[in-house]
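Only one structure is covered here, and it is reproduced in the block below.
Chain letters run A, B, ... following the sequence lines, proteins first, then strands; residues in each count from 1.
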Amino acid sequence: MTQYKKREKIQRVFHYSLLVILTIFIIIPFLLGFWTSLLPTADISKGALWSSHISLDNYVTAITQTPIIRYLFNSLLISLLTMFAQIIFCSMSAYSFVFLKFKGRDMLFYVFLATMMLPFEAEVIPNFTTVRDLGLLNHYAVMIIPFLTSAFGTFMLRQAFLQIPAELKEAGDIEGLSHWQYYYKVVMPYSRISVYTLAAYSFLSSWNQYLWPMLTTFSDNFRPVQDGLRQLQSQETFNNWGMIQASAAIIIIPTLIALFFGQHYFKSGLNEGAIK
Amino acid sequence: MSIELINISKTYNGSDFILSDISVKIETGEFFAIVGPSGCGKSTLLRMIAGLIPISNGQLKIDGKDVTNLPPQERALTMVFQNYALFPFLNVKDNVAFGLKARKMANSEINTRVNHALELVNLTDFIDRKPGELSGGQRQRVALARAIASDAKICLMDEPLSNLDAQLRNKMRSEIRELQQKLGLTLIYVTHDQVEAMTMADRIMVLNDAQTQQIDSASNIYDTPSNTFVASFFGTPQMNLIPITLKENNQLSAIEISLKFSIIKSLKAGNYLIGVRPNALSIDLESNETNAVVTNIEYLGTHSIVHAQLDNSQEIRIETSSKRNLSVDERISVSVTGSHYVFSEDGQKLLNTNGGYTDGNSSKEPQLQYSI
Amino acid sequence: METQAKNPNFNIVSKKKKSVDLSLGYNPYAKDKRYAVLFLGPSLLILAIFVFYPMLRTIYLSLFLTNNLGKPTVFIGLKNYFSLLSSSSYINSLIATLIYVIAVSIFTIAIGLILAQTATKKIAGINFFRTVFSATMGVSVSVAAIFWLFIFNPSVGLLSQLFTALNLTPINWLTEPGWAMTAVVISTVWMNLGFTFLIFFGALQSVPYTLYEAAQIEGVSKSYQFFHITLPMISPTIFFVSIITLIESFKSFGLIDLMTAGGPNNATNLLVYRIYQDAFLNGNYGLASTESVILAIIIAIFTFIQFKVLEKRVTY
């Protein structure tokens with residue numbers, strides 16, 4: 001074997017070792033979580049990571065004795081509704097900023113940009129008062145209405161719409177397409193990758209909401225998973241590890257599967273939309 | 001510095017070959033073009049010569065030394081890329097100096113080389129500009145300067161002009177050719193543009209379907225194309241390829257109408273392809289014995305391309321400088337007045353070249369006459 | 001060069017000169033105003049109610065004493081601000097937040113870059129590694145908290161067992177101030193990596209490979225290529241990710257709530273957690289509003305920098 005090829009081989013071995021080390025760091029919390037979800041809590045409490053009783057009992061307990069499935073359903077419903085609302089409202093406002101000409105358009109766009117600078121976390125106090133006064137507390141609506149639109153989503157789609165060749169709009173004008181028609185026949189299909197990215201983004205951010213639902217929901221009927229887990233944890237006071245891990249696994253498996261299949265869009269979309 | 005390719009092949013899975021059995025010896029100071037349609041493996045071949053892609057089979061020698069397993073920097077060559085491969089965050093000077101700096105060369109030496117290279121490509125005034133502030137042609141010159149500054153005697157170019165507009169391309173063609181001669185470079189030039197290859201190169205390698213089709217000078221390739229691929233790849237408008245069937249005793253199957261041509265050697269019965277370049281056909285306006293009908297005319301100033309349908313419904317293209325205006329649907333008399341070629345039925349082999357005429361009274365009257 | 005060409009409209013708002021169009025005849029934009037109301041109206045309404053009004057209201061509240069329903073009672077001017085900035089407990093929170101934010105950003109970016117760089121090489125099985133590296137993108141705060149709480153658990157946790165096995169004294173991760181911060185930082189970084197990896201991976205893929213070929217032919221070493229080609233080429237992305245990570249870390253709440261509840265001894269009492277405590281646990285809405293304003297100012301500054309740099313990024 002030649003010098004050159006030997007060097008390549010050594011590099012390759014080194015590369016794989018690095019990949020494996022990084023993989024271990026990333027994957028250990030997952031594996032440990034999934035693994036302990038199969039062990040009886042009694043064994044986990046003794047500090048054992050091995051047991052002769054490997055079973056799905058923890059999952060059965062989680063599903064039958066806790067509202068975890070209800071939490072999942074709540075989250076799914078809230079996230080899906082938020083996602084569709086954001087796709088519609090963000091794309092319509094982005095459309096106005098790109099294809100409509102009206103007085104004060106640029107000023108309004110700056111207003112939108114300004115809202116991106118204002119963190120929701122800094123506004124929870126008046127928002128809490130608002131939803132309380134509107135009588136929305138402890139209901140799905142309270143977790144959806146404030147997030148029907150997003151400045152970030154509008155900005156992202158605007159950047160995507162700007163990339164649509166001007167000739168398409170001209171062709172549309174000559175065909176006599178109205179703005180509605182141009183919007184849903186041309187603009188949305190043309191920018192679908194960015195739209196998918198926004199969909200994924202808004203779904204995930206809604207799914208990951210924590211502070212707001214914690215402040216505004218008090219019953220298991222409306223509580224989303226993130227706060228549901230918090231609830232389980234505090235009730236169980238960390239004792240029933242096996243069941244807690246099983247609940248975590250139940251929550252995470254759907255997102256991991258979605259991520260696995262949506263990866264392609266994430267990769268291209270995040271870069272298209274977010275960075276440029 | 002000569003370069004020798006010996007039975008070089010490339011495969012990624014061991015069975016499908018992207019390139020197979022490529023052999024050629026490129027002489028010192030030669031301008032060697034590799035030409036072929038996109039996807040024929042020409043860029044892969046260039047990258048194997050550069051050492052950017054490993055060679056699956058075969059041997060590569062530079063100046064007689066086996067470099068097959070050497071990394072690129074030990075092959076003492078330089079390369080110019082289609083998209084220029086300039087670093088957008090560096091100015092012209094630093095772009096040209098990039099490799100020299102990475103090699104930790106002395107600053108004074110770097111300066112001398114960079115300035116010299118930039119002078120050669122007339123870019124001295126743009127030293128502090130970023131690539132983004134340059135035109136396409138200027139960017140290409142920076143890429144050339146970088147190749148020059150590296151001082152290697154072998155230069156590989158991968159479609160360096162294909163991102164430029166037509167006018168600039170013409171200008172850069174002659175500039176590259178001049179630089180190559182001035183610096184005595186051995187240059188391997190990859191292009192999909194047959195005109196570029198023909199006008200610049202000493203020799204041309206035609207690649208298609210992973211294989212060498214022909215290696216020769218431009219005029220030889222044009223005059224004696226080794227198969228129908230080469231024949232139709234070179235020359236605009238494309239050569240006419242007309243299928244014929246030859247029966248026993250040299251009788252043709254379709255006899256009713258005549259496009260007369262001649263063949264010196266006698267051929268066995270079977271199917272063949274006759275190749276005639278459009279400029280080897282002419283239209284006889286006087287003759288009443290018409291054999292074709294005009295379907296379209298492309299007027300090009302000095303000449304026109306006439307598209308016609310022979311009476312046996314074969315489509316042909318004729319290049320004519322005739323001043324008389326033809327019109328669509330007009331009946332014309334087409335005859336062969338230049339060289340034509342006989343290819344095997346599959347187009348893989350040139351069987352016969354003929355310079356004979358069929359005007360009926362030439363002293364070069366061929367042995368046999370055929371008509372279709 | 002390439003990126004610029006793909007992206008002609010980079011400016012946040014186009015800088016076209018306004019000109020008065022005096023032409024007569026058919027005006028194609030005549031109906032646009034009506035459409036604008038229709039298209040933009042709903043979004044504007046939502047933003048007005050849930051973003052603009054609350055911002056003004058927060059500023060307003062920060063100037064008052066409030067009752068336990070959050071209604072302003074006595075106007076006290078900037079007194080809340082002065083008392084906060086002179087409170088050692090709040091300054092500690094600010095410092096803790098800064099430490100947290102900086103540590104999280106540095107580690108997220110460094111590790112994210114290493115992940116992306118190692119995942120670009122096309123070798124057998126690389127898709128498996130890419131999937132693993134992006135996996136934490138699907139992890140939500142509460143799940144991340146549970147995973148790591150288990151690892152850091154003093155009696156049954158993996159780390160304690162590992163330390164015991166190595167004959168070291170196990171660390172009380174979540175009950176010792178310095179270690180609690182470390183634990184929270186590690187968990188946050190881990191959670192950030194999926195997203196960061198995907199962004200960096202995409203950026204690395206968009207660097208034209210001929211740049212590396214050109215360098216290889218010149219005999220440029222791999223590490224020189226990384227520092228002199230890769231880093232400068234993806235520097236805009238690195239900047240983008242830093243800002244996003246900074247802003248997101250300033251807003252951290254869930255992990256803190258689940259893992260340490262601000263403790264021990266306020267060591268991880270970050271800004272948002274403090275707002276929550278003061279407003280919703282202590283009922284001091286005026287003070288919490290003041291803290292919100294300060295947080296908003298910090299985040300606005302970073303977002304503003306991001307916009308400015310994004311706009312300027314058309315340098316090549």
In Å and rounded to the nearest 0.5 Å, what is the [atom1] to [atom2] distance from [X] to [Y]?
| X | Y | atom1 | atom2 | answer |
| --- | --- | --- | --- | --- |
| C:Ile59 | A:Glu123 | CD1 | CD | 9.5 Å |
| A:Lys103 | C:Lys33 | NZ | NZ | 6.5 Å |
| A:Tyr16 | C:Lys121 | OH | NZ | 9.0 Å |
| A:Glu121 | C:Leu295 | CD | CG | 7.5 Å |
| C:Ile123 | A:His15 | CD1 | NE2 | 4.5 Å |
| C:Leu115 | A:Leu19 | CG | CG | 9.0 Å |

Greatest number of heavy atom pairs closer than 4.5 Å to chain A - which of [options]:
| options | answer |
| --- | --- |
| C:Ile46, C:Ile114, C:Val293 | C:Ile46 |
| C:Leu47, C:Thr58, C:Thr118, C:Leu44 | C:Thr118 |
| C:Thr303, C:Ile275, C:Asp257 | C:Asp257 |
| C:Pro42, C:Pro54, C:Gly138 | C:Pro54 |
| C:Leu271, C:Ile247, C:Val139 | C:Val139 |

Are the side chains of [X] and [Y] in touch, meaning some heavy atoms are under 4.5 Å apart?
| X | Y | answer |
| --- | --- | --- |
| C:Arg57 | A:Asn127 | no |
| C:Leu38 | A:Trp180 | yes |
| C:Lys251 | A:Leu211 | no |
| C:Leu40 | A:Tyr95 | no |

Pair C:Phe50-A:Ile145, side chain to side chain contact (heavy atoms under 4.5 Å, CB included): steps then yes or no: CA-CA 9 Å; C:Phe50 291 102; A:Ile145 291 177; 3.7 Å; yes
Heavy-atom distances under 4.5 Å only: say whether [X] touches chain A with side chain, backbone, both or neither.
| X | answer |
| --- | --- |
| C:Phe302 | neither |
| C:Ala48 | neither |
| C:Leu193 | side chain |
| C:Phe250 | neither |
| C:Val141 | both |
| C:Ile49 | both |
| C:Ile126 | side chain |
| C:Leu61 | side chain |
| C:Lys222 | neither |
| C:Ala300 | both |

Side chain to side chain contact (heavy atoms under 4.5 Å, CB included) between C:Asn153 and A:Trp241, worked out: CA-CA 11 Å; C:Asn153 187 291; A:Trp241 270 111; 3.7 Å; yes
Interchain contact, [X] with chain C, by part (heavy-atom threshold 4.5 Å):
| X | value |
| --- | --- |
| A:Thr23 | both |
| A:Leu18 | side chain |
| A:Leu215 | side chain |
| A:Val111 | both |
| A:Ile251 | side chain |

So, for [X] and [Y], which heavy atoms are closest and what is the spacing to 0.1 Å?
| X | Y | value |
| --- | --- | --- |
| A:Ile125 | C:Ser292 | CD1-OG, 4.1 Å |
| A:Ala248 | C:Val143 | O-CG2, 4.0 Å |
| C:Ala296 | A:Ala122 | CB-CB, 4.1 Å |
| C:Lys71 | A:Thr129 | NZ-CG2, 4.0 Å |

Would you call the rings of [X] and [Y] parallel, tilted or perpendicular, taking 30° and 60° as the class edges?
| X | Y | result |
| --- | --- | --- |
| A:Phe34 | C:Phe147 | perpendicular |
| A:Phe128 | C:Phe280 | perpendicular |
| A:Phe25 | C:Trp148 | tilted |

C:Ser140 vs A:Val225, side chain to side chain contact (heavy atoms under 4.5 Å, CB included): CA-CA, chis, key distance, verdict: CA-CA 10 Å; C:Ser140 54; A:Val225 273; 6.0 Å; no
Within the 6.0 Å centroid threshold, strictly below: C:Phe39 and A:Tyr183: yes
Greater than 12 external heavy atoms within 6.0 Å of A:Phe102's CZ: yes
Working for side chain to side chain contact (heavy atoms under 4.5 Å, CB included), residues A:Leu229 and C:Leu258: CA-CA 10 Å; A:Leu229 268 189; C:Leu258 287 159; over 6 Å; no
